[in-house]
Amino acid sequence: MTTAATGGARSRTRPRLTRERVLRAALDYADAHGLAALSMHKLGAELGVKGMSLYSYVASKDALLDGIVEAMLAELAPPAAGQMSWQDALRGYARAVRDVIRRHPAVSPLLAGRAVVPASFLQVLDAWVRAMISGGCREDQAVALLRAVLVYAQGYALAEVSWATSQALPGPEEDDLHRFRRVAALVPGSVPDSLFALAISLCGECDMDAQFEFGLGLMVTGAEQSLTGHVSPPGPAAS
């Protein structure tokens, strides 16, 4: 077989590059190796092409990082089919946001540092807005509540993955001795016993799932008060 024929066979078996494939590969690579290890050269090698050829799909390393955020947010789950209350829709949206971030702990800090609002994210957000409207919310109320829950769920999940990375959270089978040692490593050794006891209560036995649901429940309760007229959702800032 000639070299040209061999090259042609390789080109036929290699999947065609698209922007979506490049961004997905970048997200997968950063998940596996960390953001610091990501480069156009390494990503190109992962895709079987030269790094320079990727600039046809992303204009720069900055654009690639924005694209990773876009690929992450594209995973945001839409609402389940069928009628649901606006309360269940609000809870479902918060859980969907948290799930996306927890799937990608190595790259989740990009959400706090990149100003990216992809069209795919807006489309899914619109589906959640429609689900809340169907469940008894006005559109302006639904947008305000989803915005508030987005901030809560994103901030909670970012803190969660950060604490997990720093081993500030309990392991799956942590006993009392390991709990004491873990908390002792988090606080200065000079703190009074009363503050150390508080740290044990705060960090010693924290069920992050239960804590998330507790905070979410408080938000839903506040939202119910808002919709019954006790509290108004925030409107546009005064000029």
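Clustering ILVMFWY residues whenever any of their side-chain heavy atoms sit less than 4.5 angstrom apart, transitively, puts Met52 in the very cluster that holds Leu54. If you chain together hydrophobic residues whose side chains sit under 4.5 Å apart, Leu76 and Leu122 fall into the same group. Hydrophobic clustering of Ile, Leu, Val, Met, Phe, Trp and Tyr side chains at less than 4.5 Å, counting indirect connections, keeps Met84 apart from Leu216. Linking ILVMFWY side-chain heavy atoms closer than 4.5 Å, directly or via other members, places Val117 and Val58 in a single hydrophobic cluster.
Residue Arg103 holds its CZ atom at 10.0 Å from CG of Leu27, rounded to the nearest 0.5 Å. Here the OG atom belonging to Ser108 is positioned 9.5 Å from the CG atom belonging to Asp31, to the nearest 0.5 angstrom. Put simply, CD on Glu75 and CZ on Phe121 are 13.5 Å apart, with the number rounded to the nearest 0.5 Å. We find the OH-CG distance between Tyr57 and Leu47 to be 9.5 Å, quoted to the nearest 0.5 Å. Distance check: Leu17 CG to Ser56 OG gives 9.0 Å after rounding to the nearest 0.5 Å. Interatomic distance, Ser39 OG to Lys61 NZ, rounded to the nearest 0.5 Å: 6.5 Å.
Applying the salt bridge (Lys or Arg N to Asp or Glu O under 4.0 Å) rule to Arg98 yields the partners Glu160, Asp209; only residues at least two apart in sequence or on another chain are considered. Partners of Val116 under the side chain to side chain contact (heavy atoms under 4.5 Å, CB included) rule, at least two apart in sequence or in another chain, are Asp66, Val69, Arg114, Pro118. Residues satisfying the side chain to side chain donor-acceptor pair (under 3.5 Å) criterion with Glu70, sequence neighbours excluded, are Arg19. Evaluation of the salt bridge (Lys or Arg N to Asp or Glu O under 4.0 Å) rule for Arg130 yields Asp126, Glu139 as partners, not counting sequence neighbours.
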Going through the distances and angles, do Glu213 and Leu218 end up as a side-chain contact (heavy atoms from CB on, under 4.5 Å)?
CA-CA 9 Å; Glu213 293 296 331; Leu218 293 178; over 6 Å; no
Let me see the working for Leu23 and Leu64 under side-chain contact (heavy atoms from CB on, under 4.5 Å), right down to the final yes or no.
CA-CA 7 Å; Leu23 298 184; Leu64 181 63; 4.2 Å; yes
Go through the steps to decide whether Leu198 and Val191 satisfy the test side-chain contact (heavy atoms from CB on, under 4.5 Å), and finish with yes or no.
CA-CA 11 Å; Leu198 177 61; Val191 299; over 6 Å; no
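The minimum heavy-atom distance between Ala94 and Val149, with the atom names listed, is CB-CG1, 3.2 Å. Residues Ala30 and Val107 come closest through the heavy atom pair CB-CG1, 3.2 Å. Among all heavy-atom pairs drawn from Pro79 and Ala127, the shortest one is CG-O, 3.5 Å. Residue Val124 comes nearest to Ala77 through the heavy atom pair CG1-O, 3.7 Å, listed as atom of the first residue, atom of the second, then distance. Contact detail for Gln211 and Tyr152: the closest heavy-atom pair is O-OH, 3.8 Å.
Pairs passing the ring-ring contact (aromatic ring centres under 6.0 Å, His included) check and including a residue from residues 64-113, sequence neighbours excluded, read Tyr93-Trp128. Listed by first and then second residue, the side chain to side chain donor-acceptor pair (under 3.5 Å) pairs involving residues 41-55 amount to none (not counting sequence neighbours).
A donor-acceptor pair under 3.5 Å is absent between the side-chain atoms of Ser162 and the main chain of Ala159, judged by distance alone. When atom types are taken as modelled, the side chain of Gln141 and the backbone of Arg138 share a donor-acceptor pair closer than 3.5 angstrom. One N or O on the side chain of Tyr156 and one on the backbone of Met208 form a donor-acceptor pair closer than 3.5 Å.
Under the 4.5 Å side-chain criterion, counting only non-hydrogen atoms from C-beta, Leu35 is in contact with Leu65. Using a 4.5 Å heavy-atom threshold, the side chains of Leu111 and Met72 count as touching.
Under 4.0 Å is where a charged nitrogen must lie from a carboxylate oxygen, and between Asp99 and Arg95 no such pair does.
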